[in-house]
Amino acid sequence: MSNLNELSLAEALKGLANKDFSSRELTQAHLDAMAGAETLNAYLVTTADQALAMADASDERRAKGKTGPLDGIPLGIKDLFCTKGVRTTAGSKILGDFTPPYESTVSANLWRDGAVMLGKLNMDEFAMGSSNENSAFGPVVNPWRAHVGDQKLVPGGSSGGSAAAVAAGLCLGATATDTGGSIRQPASFTGTVGIKPTYGRCSRYGIVAFASSLDQAGPITRTVEDAAIMLRSMSGHDPKDSTSLKADVPDFAAACTRSLKGLRIGVPKEYRVEGMPAEIEKIWADGMDWLRAEGCELVDVSLPHTKYALPAYYIIAPAEASSNLARYDGMRYGTRIEGADLTETYEKTRGQGFGEEVRRRIMIGAYVLSAGFYDAYYIRAQKVRARIAEDFKNAFAQCDALLTPTAPSAAFGINAKFNDPVKMYLNDIFTVTANLAGLPGISVPAALDNAGLPLGLQVIGKALDEETCFAVGGALERAAGFNAKPNKWW
Amino acid sequence: MFTAERVADKSDWITTDTGDWEIIIGLEIHAQVASKAKLFSGAATEYGAEPNTQVSLVDAAMPGMLPVLNEYCVEQAVRTGMGLKAQINAFSRFDRKNYFYPDLPQGYQISQLYHPIVGEGEMLVELDDGDSITVGIERLHLEQDAGKSIHDLDPNATYVDLNRCGVALMEIVSKPDMRSAREAAGYVRKLRSLVRYLGTCDGDMEKGNLRADVNVSVRRPGGELGTRCEIKNLNSMRFIQQAIEYEARRQIQIIEDGGTVDQETRLFNTDTGETRTMRSKEDAHDYRYFPDPDLLPVKLSEDWLARIKADLPELPDEKKIRYVKDFGLSEYDASVLVSDREKAAYYEEVAKGNDKKLSANWVLNEVFGKLNKENVEITDCPVSAAANCAIVSMISNDVISGKIAKQVFEICWTEGGEPEAIVEERGLKQVTDTGAIEAMIDEIIAANPDQAAKVKDKPKTLGWFVGQVMQASQGKANPQAVNKILREKLLD
């Protein structure tokens with residue numbers, strides 16, 4: 001019974017179906033693990049009572065034989081998703097004790113399918129960051145440590161709480177969001193699986209907005225199959241989000257074991273960046289070998305505008321954020337710090353309510369949109385974005401999916417890059433392109449590096465072709481045989 | 001079609017010691033779309049509800065809320081554009097206009113800067129003196145209204161009512177094609193009439209459902225254009241005209257004193273009739289417009305546009321042409337009748353089965369005359385169009401005389417009732433029985449032998465006898481019959 005929180009989501013579903021254990025037992029095991037893992041700072045809110053009530057309701061449904069696809073599965077929810085009656089902070093002080101009277105569509109879909117909510121997961125403030133050090137509630141600590149020493153490492157970001165909780169067995173899966181890599185990079189840093197689906201696959205309704213044209217929800221789980229199961233529940237058209245796609249949701253899990261024979265896998269030469277650690281080069285090469293062994297044909301492709309992706313991203317995302325975050329003005333909800341007049345109230349509320357990185361991005365965003373700079377920055381960045389999408393279109397004429405590393409490094413130490421935003425932004429170098437082009441991308445753990453830290457490989461698919469991502473991801477997972485777990489030091 | 005070349009009518013020039021000036025005017029009209037729901041949320045738009053009772057989570061800009069476009073509002077904008085004979089853009093898009101204010105919860109207004117739904121068009125504007133001008137339309141775009149800040153409830157606080165927040169507005173921008181306050185008023189009147197014909201806006205200026213921002217500059221007639229000032233938020237025809245008159249004279253004064261007009265936004269004080277600075281060009285906001293990433297571009301198919309076009313009602317210009325061509329009405333009468341959708345509909349009901357010209361004269365003189373005198377709107381007219389139709393029909397069929405008809409109308413107005421019944425019950429039917437008329441005439445001739453003798457020499461005095469007969473018959477004798485018999489008896 002003590003290992004219930006080490007099961008995969010798929011195994012747990014089997015165990016529940018076999019009545020090996022109840023959802024209550026499964027949920028309690030996770031609540032116990034959470035209680036012992038406060039050092040990791042993964043959860044901002046634990047909803048124990050609600051979790052047990054939901055678990056009991058699930059057990060009752062199971063007794064009556066009326067279960068959903070995720071019935072009884074305890075999950076963590078990134079604190080960017082609004083949850084009815086449960087405080088939602090987006091990792092920011094500015095939201096204060098904001099408690100939404102509504103539920104995000106994605107989380108509502110999970111509850112519809114029977115899942116159990118354990119609590120709300122820590123994150124970089126407004127999903128801005130690659131290390132979770134930008135949370136107003138303190139950094140999340142990566143459950144992984146190097147073989148040598150006891151330095152605390154970052155779990156990546158912005159979905160650091162989600163990744164850490166999944167890696168440490170504090171939930172069977174977690175919701176996350178990805179604007180420039182915020183699902184895939186933390187998955188890579190924590191030895192977990194994370195998929196950012198096609199833009200529009202999951203509704204953005206009720207997810208606190210960072211950059212609307214890039215934000216997309218997805219799951220972080222311990223296996224590729226788990227991610228497939230969870231994503232199916234999260235997905236679907238939503239009339240409340242105009243950018244949500246009217247597309248059928250396939251059985252993603254069925255794709256995980258699909259044969260790869262004859263599949264063409266592109267390897268983009270521009271992703272071989274200067275200064276990339278040899279170990280990452282090596283796992284990338286290993287990945288190619290594994291796929292070749294599965295019957296794939298490896299194809300060299302070019303994505304010539306890749307080097308402009310990060311600069312374009314750091315114009316478009318802050319531009320949208322500067323406008324999306326204007327609503328946090330202290331007038332209707334959240335924190336208000338009174339000033340002598342309206343302007344001062346705005347200044348104090350927003351100056352003290354937002355953290356440094358959020359303020360920096362709001363200022364960048366306001367700058368690039370301002371009169372006289374709009375064409376030079378925003379319009380030009382949009383043109384780059386169109387070129388990048390074209391690059392992918394051309395590449396996909398030659399191949400069915402792309403294989404790249406997920407991140408340019410393994411997890412780094414807390415504070416190592418905190419004061420160097422440009423260095424921090426480089427974490428997203430391999431992931432932002434999929435956001436700019438709206439394409440699905442999955443990160444799958446491939447190996448541990450020499451220091452004993454996980455490294456991930458990324459598979460980027462065509463729009464709405466998550467199934468190929470899952471198929472290739474599943475093959476990589478099997479070939480890598482990655483089953484390492486962090487040593488429980490917390 | 002920018003008609004900067006057009007010089008104002010001389011009667012509209014402002015003449016000072018230094019010479020003549022003309023006013024150049026462009027208008028931005030905000031017309032609230034007649035829609036039950038807001039532009040991007042399902043919240044109600046009804047006027048006069050308790051504060052903050054018509055506010056959805058989207059309107060209040062709660063975290064994670066997203067706008068969803070109300071297609072009905074798009075349709076109304078397109079219909080209005082068609083009424084303005086304007087270019088309908090098959091591709092349009094929404095942009096965010098960013099600024100902070102407590103009655104703007106999102107911190108931005110969703111509007112259309114770069115790709116408006118409607119492009120250039122034009123509108124024929126009839127003026128009071130019977131002349132008309134053509135005013136170019138620059139564009140029409142859809143946007144959200146803001147909430148309302150209430151400053152006078154508490155000396156130390158501002159209250160915010162978000163009921164109006166997110167309501168759909170059509171901003172209709174004219175070209176600077178007007179040259180006087182009366183032309184501007186004519187433009188607003190015509191535009192108001194047009195949107196009411198189309199049913200796309202109720203045109204209620206008192207409720208602020210149609211309001212104007214006025215751009216005013218002055219120049220020497222036909223000379224170089226001057227610097228313009230924008231006067232915000234005028235919600236009555238009178239204020240629009242007052243503001244223009246005041247602002248033109250203010251600018252002329254500045255120039256004549258050797259100064260230069262600063263481009264700025266001004267407010268009109270309805271108490272003093274003056275304008276004052278709201279913000280100068282230096283203080284102008286940088287709105288940081290950019291395409292709203294929460295919304296998809298609006299793409300209109302040719303089929304859909306054709307369907308909308310086919311469903312348009314007959315509009316005032318076409319109606320007027322039909323009245324002149326098919327009904328034989330004068331241009332002037334026709335334009336008065338079509339000036340308002342309700343007036344035209346009323347007239348057409350009166351004219352149903354009747355002589356069109358007679359009906360027009362009746363409606364214009366009797367009905368509209370009475371409405372003006374009593375200051376009653378056509379929609380509140382106590383005498384229905386159907387009743388007037390019956391009255392006009394009775395005139396045509398010699399059942400009653402024109403004079404009796406007026407009497408019947410008065411009775412209908414004050415007491416109500418069916419015209420036919422009134423005529424019947426009160427014995428107002430015209431006497432066409434020549435025997436009865438002849439008897440009356442004989443009696444009057446017999447009583448006035450001297451007068452009768454004079455008629456042969458002075459035929460004009462026949463009128464006196466006509467009057468006597470009409471009086472004796474209480475106006476019911478058929479005047480033609482009376483004349484005929486009198487002539488036979490006194491002149492032949």
Side-chain angles (χ1 to χ4, degrees), chain A residues 80-82 88-90 92 95 98 100-105 126 200 203-209 211-215 238-244 316 319-320 322-334 342-343 345-346 350 365-374 378-379 382, chain B residues 39-42 52 55-71 93-111 113-114 147 149 151 156-160 162 165 281 284-299:
Chain A
L80 202 62
F81 293 78
C82 289
T88 299
T89 67
S92 181
L95 273 155
F98 175 67
Y102 49 89
E103 186 79 29
S104 82
T105 296
F126 285 103
S203 168
R204 293 184 296 113
Y205 177 86
I207 301 175
V208 174
S212 312
S213 74
L214 300 158
D215 295 346
D238 180 5
K240 289 185 281 190
D241 173 4
S242 314
T243 63
S244 129
I316 294 166
E320 293 183 13
S322 72
S323 178
N324 281 337
L325 270 57
R327 63 187 57 199
Y328 307 105
D329 59 2
M331 294 296 137
R332 297 170 309 289
Y333 48 78
L342 180 62
T343 305
T345 300
Y346 281 147
R350 291 170 61 82
Y367 178 82
V368 300
L369 290 176
S370 56
F373 298 99
Y374 179 74
Y378 185 80
I379 293 290
Q382 289 295 4
Chain B
L39 183 52
F40 297 110
S41 85
N52 296 311
V55 186
S56 75
L57 295 168
V58 175
D59 305 326
M62 301 301 275
M65 289 299 105
L66 299 170
V68 176
L69 181 59
N70 177 345
E71 287 174 18
R93 213 169 56 183
F94 288 96
D95 302 300
R96 292 185 184 176
K97 177 181 181 178
N98 295 283
Y99 66 95
F100 285 93
Y101 206 66
D103 61 22
L104 188 75
Q106 292 166 320
Y108 53 84
Q109 176 196 31
I110 306 179
S111 180
L113 176 70
Y114 297 110
S149 292
H151 302 289
N156 301 313
T158 294
Y159 288 83
V160 174
L162 296 179
C165 180
K281 197 181 178 186
H285 289 133
D286 182 346
Y287 290 118
R288 292 169 283 123
Y289 278 101
F290 76 108
D292 192 324
D294 285 333
L295 292 160
L296 301 174
V298 180
K299 291 176 184 165

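Below, read A as the first sequence line, B as the second, and so on, with proteins coming before strands; counting in each chain starts at 1.
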Against chain A, label B:Asp286 side chain, backbone, both or neither, depending on which of its atoms sit under 4.5 Å from a heavy atom there.
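B:Asp286 touches chain A through side-chain heavy atoms alone.
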Region of [X] in contact with chain B, defined by heavy-atom distances below 4.5 Å:
X        : result
A:Leu342 : side chain
A:Pro100 : neither
A:Phe373 : neither
A:Leu80  : neither
A:Ala319 : backbone
A:Tyr205 : both

Partners of A:Tyr102 by ring-ring contact (aromatic ring centres under 6.0 Å, His included), sequence neighbours excluded?
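Not a single residue meets the ring-ring contact (aromatic ring centres under 6.0 Å, His included) criterion with A:Tyr102.
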Do B:Phe290 and A:Tyr374 have ring centres separated by under 6.0 Å?
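Distance test on ring centres: not under 6.0 Å, no.
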For the backbone of A:Leu325 and the side chain of A:Arg350, can you confirm whether one donor and one acceptor N or O come within less than 3.5 Å of each other?
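Yes; judged by distance alone, with no hydrogens or angles, the pair exists.
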Any donor-acceptor pair under 3.5 Å from A:Arg332 side chain to A:Arg327 backbone:
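Here the side-chain-to-backbone pair exists.
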To the nearest 0.5 Å, tell me how far B:Leu69 CG sits from B:Leu296 CG.
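That separation rounds to 9.5 Å.
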Fit a plane to each ring of A:Tyr333 and A:Tyr328, take the angle between them on a 0 to 90° scale, and name the class: parallel (under 30°), tilted (30 to 60°) or perpendicular (over 60°).
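A:Tyr333 and A:Tyr328: perpendicular rings.
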Name the atoms and distances for all side-chain donor-acceptor pairs under 3.5 Å in residues 100-107 of chain B, with sequence neighbours left out.
unit_1: B:Asp103; atom_1: OD2; unit_2: B:Ser149; atom_2: OG; d: 3.0

Out of [options], which one racks up the most heavy-atom pairs below 4.5 Å with chain B?
options                                : value
A:Met331, A:Arg204, A:Gln382, A:Lys240 : A:Arg204
A:Val208, A:Asn324, A:Thr88            : A:Asn324
A:Ala209, A:Ser370, A:Ser213           : A:Ser370

